[in-house]
Amino acid sequence: MKYFVIAGEASGDLHASGLLKALKRRDHDAEFMGLGGDMMEDAGCKLVKHYRDMAYMGFIAVATHLGKILQNMKDCKNAISEFKPDIVILVDYPSFNLKIAEFVKKTLPGTPVHYYIAPKLWAWKEYRLKSIKKYVDRVYSILPFEIEWFGKRGYKVDYVGNPCADAVYNRPDKEESFESFCTSQYLDDKPIIALLAGSRVQEIRSSLPKMLEATKNIEGYQLVIAGAPSIYDKLYDEIIATSGADAKVVHDATYRLLAQSKAAVVCSGTATLETALIGTPQTVVYHIGGGKWVHRFLNIFIHVDQVSLVNLIANRKMVKELIIENFTPEKVEAEVRRLLTDEAQQQMKNDYMELRRIVGDAGVGDRAAEMIIDAVNTRCSE
């Protein structure tokens with residue numbers, strides 16, 4: 001079968017790549033085309049666009065790159081029309097993907113559209129549910145509470161587990177020692193504080209300076225930044241130099257870094273759940289300009305009082321969130337210092353055990369792949 005898959009950022013690329021591998025195990029003649037990143041390409045997907053040319057966040061960034069965004073949309077539509085897939089699989093990235101879903105249903109009406117990793121409509125933009133009901137045939141949820149949320153609104157979704165479990169539990173180098181990791185990455189032998197500042201340029205520019213300012217005076221620890229895919233060293237080097245912090249960057253080693261870190265400061269997103277499943281104590285941060293007034297304005301539209309996946313899945317404040325006006329170097333430093341205490345370390349590890357039980361086991365990609373192939377085959381036989 002022919003699969004067209006669309007992921008618009010690093011986490012989507014990671015999780016889509018796992019799904020593609022699972023599909024290939026069941027469908028040896030599978031052909032993949034789509035929009036994504038290096039990991040999808042390594043899994044056998046012919047890329048129409050790389051997500052580095054798609055990941056624009058915020059009104060200003062979108063407005064200034066509108067021409068490029070519209071061209072990406074046009075190129076994607078043309079590629080789908082020429083490829084004539086048996087199924088289109090969307091991975092998060094709703095502002096782009098829901099427009100593609102509409103296009104597919106109007107131009108290739110017999111082609112099923114499935115959503116792997118549903119948009120977070122429970123947080124905001126619930127009106128998008130109308131588009132999902134109209135243009136999406138099936139949704140695979142990776143967050144257990146979404147089953148009830150969608151169900152109450154008249155749309156059935158399938159919970160397949162969370163792909164972070166696959167990525168974390170099946171990762172190589174799980175038995176790597178601290179000494180081996182530091183040697184391989186040319187690091188010191190001091191305990192590590194990890195800084196995960198996101199995968200987009202805008203996120204890194206707004207978050208990393210405050211992360212470095214917050215942690216540079218914590219003695220006895222080394223600061224190590226998880227380099228995001230497709231982000232050049234020059235950006236990190238400029239921010240580190242300006243901050244005056246003594247920090248290093250590692251690439252293609254985020255899970256290994258987290259596994260060897262005593263604590264982490266993590267920009268809100270998929271990385272918060274990955275950090276928790278690995279077991280690293282963390283504080284979650286998120287930057288939006290405008291301070292408390294913008295925060296109050298956003299609360300009109302945002303329907304949850306927590307932002308991190310860890311707290312949302314646990315349905316309680318398991319990790320401390322420092323967002324918008326509360327994301328200050330002073331508050332981050334105080335929380336990191338607390339996380340480094342023996343009491344906080346033990347409490348966080350106990351909490352993470354509870355979270356792992358809720359998330360479930362690995363095998364997410366396999367479960368979703370089986371459902372996708374069964375659905376397509378059933379449709380073809382009708």
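From a predicted model like this one, the values you see are computed outputs, not experimental measurements.
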By side chain to side chain donor-acceptor pair (under 3.5 Å), which residues pair with Lys74, not counting sequence neighbours? none
Taking the side chain as every heavy atom from C-beta outward, state whether Tyr135 and Phe103 have any atom pair closer than 4.5 Å. no
Which atom pairs, donor and acceptor, lie under 3.5 Å between side-chain atoms of residues 357-368 and protein residues at least two apart or in another chain?
unit_1 : atom_1 : unit_2 : atom_2 : d
Asp366 : OD1    : Arg25  : NH2    : 2.7
Asp366 : OD1    : Arg26  : NH1    : 3.0
Arg367 : NE     : Val160 : O      : 2.9
Arg367 : NH1    : Ala362 : O      : 3.3
Arg367 : NH2    : Val160 : O      : 3.1
Arg367 : NH2    : Asp361 : O      : 3.3

The single option from Ile204, Leu212, Ile239, Leu196 passing side chain to side chain contact (heavy atoms under 4.5 Å, CB included) against Ile225: Leu212
For Val113 against Leu90, the heavy-atom pair lying closest together: CG1-CD1, 3.7 Å
Please check if the side chain of Lys216 supplies one atom and the backbone of Ser243 the other of a donor-acceptor pair under 3.5 Å. yes
Between Pro119 and Asp92, which heavy-atom pair has the shortest distance, and what is it? CA-OD1, 4.1 Å
Give a yes or no on whether a salt bridge exists between Glu354 and Arg316, defined as a side-chain N under 4.0 angstrom from a carboxylate O. yes
Partners meeting salt bridge (Lys or Arg N to Asp or Glu O under 4.0 Å) with Arg205 (sequence neighbours left out): none
Are Asp173 and Phe181 packed together at the side-chain level, in the sense that at least one heavy-atom pair is separated by less than 4.5 angstrom? no
Compare every heavy atom of Lys21 with every heavy atom of Ala43, then report the nearest pair and how far apart it is. CB-CG, 4.1 Å
So how far is it from Cys182 SG to Glu176 CD, rounded to the nearest 0.5 Å? 9.0 Å
Sequence neighbours excluded, the answer for side-chain contact (heavy atoms from CB on, under 4.5 Å) partners of Pro229 is Ala10, Tyr51
Basic-acidic side-chain contact under 4.0 Å: Asp86, Lys84: no
Whether Arg338 and Glu335 form a salt bridge (side-chain N of Lys/Arg under 4.0 Å from carboxylate O of Asp/Glu) is what I want to check. yes
Partners passing side-chain contact (heavy atoms from CB on, under 4.5 Å) against Lys99 (at least two apart in sequence or in another chain): Met73
Within a strict 4.5 Å, meaning less than it, do heavy atoms of the Met1 and Ile87 side chains meet? no
Mind telling me whether His287 and Phe327 have parallel, tilted or perpendicular rings, with 30° and 60° as the class edges? perpendicular
Could you walk me through whether Val5 and Met40 pass the side-chain contact (heavy atoms from CB on, under 4.5 Å) test, one step at a time? CA-CA 9 Å; Val5 186; Met40 284 174 60; 3.9 Å; yes
pair His15-Asp166: side-chain heavy atoms closer than 4.5 Å: no
Report the C-alpha distance between Phe145 and Trp122 in whole Å, list the side-chain angles of each, state the deciding distance to 0.1 Å, and finish with yes or no for ring pair (Phe, Tyr, Trp, His ring centres under 6.0 Å). CA-CA 10 Å; Phe145 60 83; Trp122 37 265; 5.0 Å; yes
Please round to the nearest 0.5 Å and tell me the distance separating atom NZ of Lys130 and atom CG of Leu121. 12.5 Å
Which residues pass the side chain to side chain donor-acceptor pair (under 3.5 Å) test with Tyr255, sequence neighbours left out? Glu274
Classify the ring geometry of Tyr236 against His251: parallel below 30°, tilted from 30° to 60°, perpendicular beyond 60°. perpendicular
Is the shortest side-chain N to carboxylate O distance from Lys49 to Asp75 below 4.0 Å? yes
Contact between Ser308 and Met318 at the side-chain level, heavy atoms closer than 4.5 Å - yes or no? no
How close do Leu309 and Thr272 get, counting heavy atoms only, and between which atoms? N-OG1, 3.6 Å
Within a reach of under 6.0 Å around CG of Asn350, are more than 12 heavy atoms found that belong to other residues, nucleotides or ligands? yes
Validation row: Cys76, Phe4 side chains within 4.5 angstrom (heavy atoms): yes
About how many Å separate CZ of Arg128 and CD1 of Ile132, when rounded to the nearest 0.5 Å? 9.0 Å
Nearest 0.5 angstrom please: Arg171 CZ to Thr254 OG1, how far? 12.0 Å
Does Leu70 form a side-chain contact (heavy atoms from CB on, under 4.5 Å) with Asn72? I'd like the steps, not just the answer. CA-CA 5 Å; Leu70 293 175; Asn72 288 342; over 6 Å; no
Considering residues at least two apart in sequence or located in another chain, which fulfil the side chain to side chain donor-acceptor pair (under 3.5 Å) criterion with Asp137? Lys105
Heavy-atom check, side chain of Val285 versus side chain of Lys210, under 4.5 Å: no
Which pairs pass salt bridge (charged side-chain N to carboxylate O under 4.0 Å, His left out) with one or both residues in residues 139-153, sequence neighbours excluded? Glu126-Arg153, Glu148-Lys152
Using the test salt bridge (Lys or Arg N to Asp or Glu O under 4.0 Å), find all partners of Lys190 that sit at least two apart in sequence or belong to another chain. none
From CA spacing to verdict: side chain to side chain donor-acceptor pair (under 3.5 Å), Asn311, Lys317: CA-CA 5 Å; Asn311 290 345; Lys317 286 182 167 48; over 6 Å; no
Test of ring centre spacing under 6.0 Å for His114 and Tyr140: yes
With sequence neighbours left out, write down each residue that passes side chain to side chain donor-acceptor pair (under 3.5 Å) with Lys24, or none if nothing qualifies. none
Closest approach of Gly37 and Leu47, non-hydrogen atoms and distance? O-CD1, 3.6 Å
Looking at Ser199, is its backbone amide N or carbonyl O close enough to the side chain of Glu9 to form a donor-acceptor pair, meaning the two atoms are under 3.5 Å apart? no
d(Ser261 OG, Gln222 CD) to nearest 0.5 Å is 8.5 Å
Please name the pair of heavy atoms, one in Tyr116 and one in Pro163, separated by the smallest distance, quoted to 0.1 Å. OH-CB, 3.7 Å
Only counting residues at least two apart or in another chain, list the ones meeting ring pair (Phe, Tyr, Trp, His ring centres under 6.0 Å) with Phe96. Tyr93
Inter-residue atom distance Thr283.OG1 - Glu333.CD, 0.5 Å rounding: 12.5 Å
Kindly determine whether Tyr221 and Thr215 satisfy side-chain contact (heavy atoms from CB on, under 4.5 Å), including the steps that lead there. CA-CA 9 Å; Tyr221 293 84; Thr215 53; over 6 Å; no
How about Arg337 and Ile218: do any of their side-chain heavy atoms sit closer than 4.5 Å? yes
Sequence neighbours excluded, the answer for ring pair (Phe, Tyr, Trp, His ring centres under 6.0 Å) partners of Phe32 is Tyr3
Going through the checks in order, is the side-chain contact (heavy atoms from CB on, under 4.5 Å) test met by Asn97 and Tyr115? CA-CA 9 Å; Asn97 275 337; Tyr115 224 122; 3.4 Å; yes
